[in-house]
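Atoms within a ligand are numbered from 1 in the order they appear, just like the ligands themselves.
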Amino acid sequence: MVIPKPKSVVFEPGEFVLKAGLLSINTEIFAFAHEAEMLKQALADRCGIEMSSANGSEIVFRQNESVLGKEAYRIEVDEDQILVEASGYAGAFYATQTLVQLFAQGKTIPCQTIVDRPRFRWRAFMLDACRHFQSVEHVKRHLDMMALFKLNTLHWHLTEDEAWRIEIKRYPKLTEVGSKRNPDEPDATGYYTQDQLREIVAYAAERHINIVPEVEVPAHTTAAMAAYPELTCEGIPIPIEGVGLRTFTQHKGRCIYCASKEESFRFIENVLDEVMDIFPSEVIHIGGDERPDGIWSKCPRCSAMMKEKGFETESALQHWFMEKVNAYVLSKGRRSMAWTPTLDHGVPEGQIVHDWFYGHVAEAVKQGHEVVNSKDYFTYLDYPNYPGRQKPDWMGDLPVERVYEFDPVSDGVPADKEDLVLGGECSLWTEFIEDDDFDEAVYPRMMVFAETVWSPKEGRDWPEMAERLTAFEPWMNKMGIEYAKPVGTKPVQTKKNAKVETTMKPFGSYLPECAFDGKFTRSFWSEKPPKEGDTLTITFERPLKCSEIRIYTGSENAPGDTLDEGTVQISANGQIFFSVGKAAGRQSSVNLGEKPLMAIRLVVDTDQKGRLAIQEIVVD
Ligand code: ACM
Ligand code: ZN
């Protein structure tokens, strides 16, 4: 069983049996010595198979120019030998990843011939390092998994409204100001030094993964503008208020580069110089998505420039902006890629169109542009795979079965233009993905995605894929991956296994349990405004001592849906409740002085006009 499924596997009679401890790798030529060494390490780390370097020829690597394609490989498993052939290093490496998967299932492998090569050359995972920050070790561990499933591109989203994550030596405030957030959210603060970035680039390269860095222009730039506000249209300091994930976003509306200031472009160019020095990638992503309308036309200089250039829309001005940045990237011998919101003004020379929402893959290739498809409906891994996750209105669900329906060549792409579809990307935006949610969001959906961009489209069979996913689960767990169940649903885990009940009907999957799950990123949300006397009750498995109860109502998505007036009650037996204090607004706290209690109840004291979100109830 291999994920992604190889192009062709032909079984033959007989089996290869690995003699414990005797495996050695014989690179007939030294060309694949590095890949062979990686295999040796992976077999030890992932399969518990230690190999001696003693003489032997159980696995033979051979360069063979007739295996066409730099990522293609051939594996022939005979009774006494495994022969790996490829024409290029990447192909030899992918053969090793297939072998690791086979040996993970046991030391006996049926005789077979595998002939394999990818359907697409762009097989990417996009990681948002900004909304939540991942450590160097975390990124490396994930790169290992990408390699195991033959993804070859990490699109790294390194700048955002909420944070700036790349050290830029010329502009130290980018990280001094732009990488810090709420100290209570350790995985929301941080940045990568240039040394760390180089280390990660090298680690990825060893695994045949190219890292495409993304520096967003002209919008999604609040963190950068908070550091250098002179680059905005208004040019005035941006107050950094509040704490947490949304620190900057209340000012998001005006925190974009002023298009009329030459300094904006000098700044972007200087940043890109350092970025291109760190990342050897041919492709540099320059953002381009979701610029709020109405800022540039309010700026006297930007609007004068629009008039002078005959631009009727801000979108035309944005196109001009992207052209300028693209030209700079081209002048450095690289090419740009952008989340292309519209094709109305054409596409800058050589730029790769990145479609995530608008469905213009077919249109772009008809115009002759290269395209990467990351249609959110099939590939946005931040969309919950289970009910019970917090879902803002813009966010859909993404059950694993639907990922399997993804085809980068979307409807309407003419057969003779299919080559312009470079491939696909699955994306992990991290507004709602803390470190401990990461694995379940990514695995196994990323593995299914990998199959849609590597394997032939013909012969997809969901029950068979689901079987392979289930078979991989114990191994993935053993490697420390908290793998989501590929089928079925999962209840929300509450703190202390408490039972949470309410008289209010929950809205969609904003279940009552989300009010007591230890996470501020999911909340309970009532479908309708609550009435006087409505309650939410938390009952513990056994009595506990508690000195303080804190109640946070409203939520990131529904900051106005707070509690108007309420009463906090406790119970020593779960049946008789008495009042211990009042609660109202975004945050309330009740001191108990170490009372033993079995249950906590929040009672709504008035008919509310608005709905009620309970972000979290904290018991200390
Ligand atoms: C995006 O999801 N805004 C590219
Ligand atoms: Zn301006």
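Taking every heavy atom of Trp429 and a limit of under 4.0 angstrom, the matching atoms of ligand 1 come to 1 (C), 2 (O), 4 (C). Within the listing of ligand 1, atoms 3 (N) sit less than 4.0 angstrom from a heavy atom of Glu290.
To the nearest 0.5 Å, atoms CE (Met145) and CZ (Arg207) are separated by 10.5 Å.
Checked by atom type, the side-chain pair Asp273/Tyr328 shows a donor-acceptor distance below 3.5 Å.
Taking a cutoff of 4.0 Å between a charged side-chain nitrogen and a carboxylate oxygen, Glu262 and Lys324 qualify as a salt bridge.
One finds an angle of 110° at the Zn ion (ligand 2) between SG on Cys299 and SG on Cys302, to the nearest 10 degrees. Here the Zn ion (ligand 2) is the vertex; the SG atom in Cys258 and the SG atom in Cys233 give an angle of 110° (to 10°).
Looking at Val217 and Phe321, their side chains come closer than 4.5 Å, going by heavy atoms from C-beta outward.
Distance from atom 3 (N) of ligand 1 to its nearest protein heavy atom, with residue and atom name: Asp289 OD2, 2.7 Å. Among all non-hydrogen protein atoms, the one lying nearest atom 2 (O) of ligand 1 is Tyr380 OH, 2.7 Å.
When His157, His220, His354 are each tested for a ring pair (Phe, Tyr, Trp, His ring centres under 6.0 Å) with His285, only one passes: His354.
In this structure, Tyr171 and Tyr228 have perpendicular ring planes: the angle between them is above 60°, well past the 30° mark.
For Phe357, the heavy-atom gap to ligand 1 stays at 4.0 angstrom or more.
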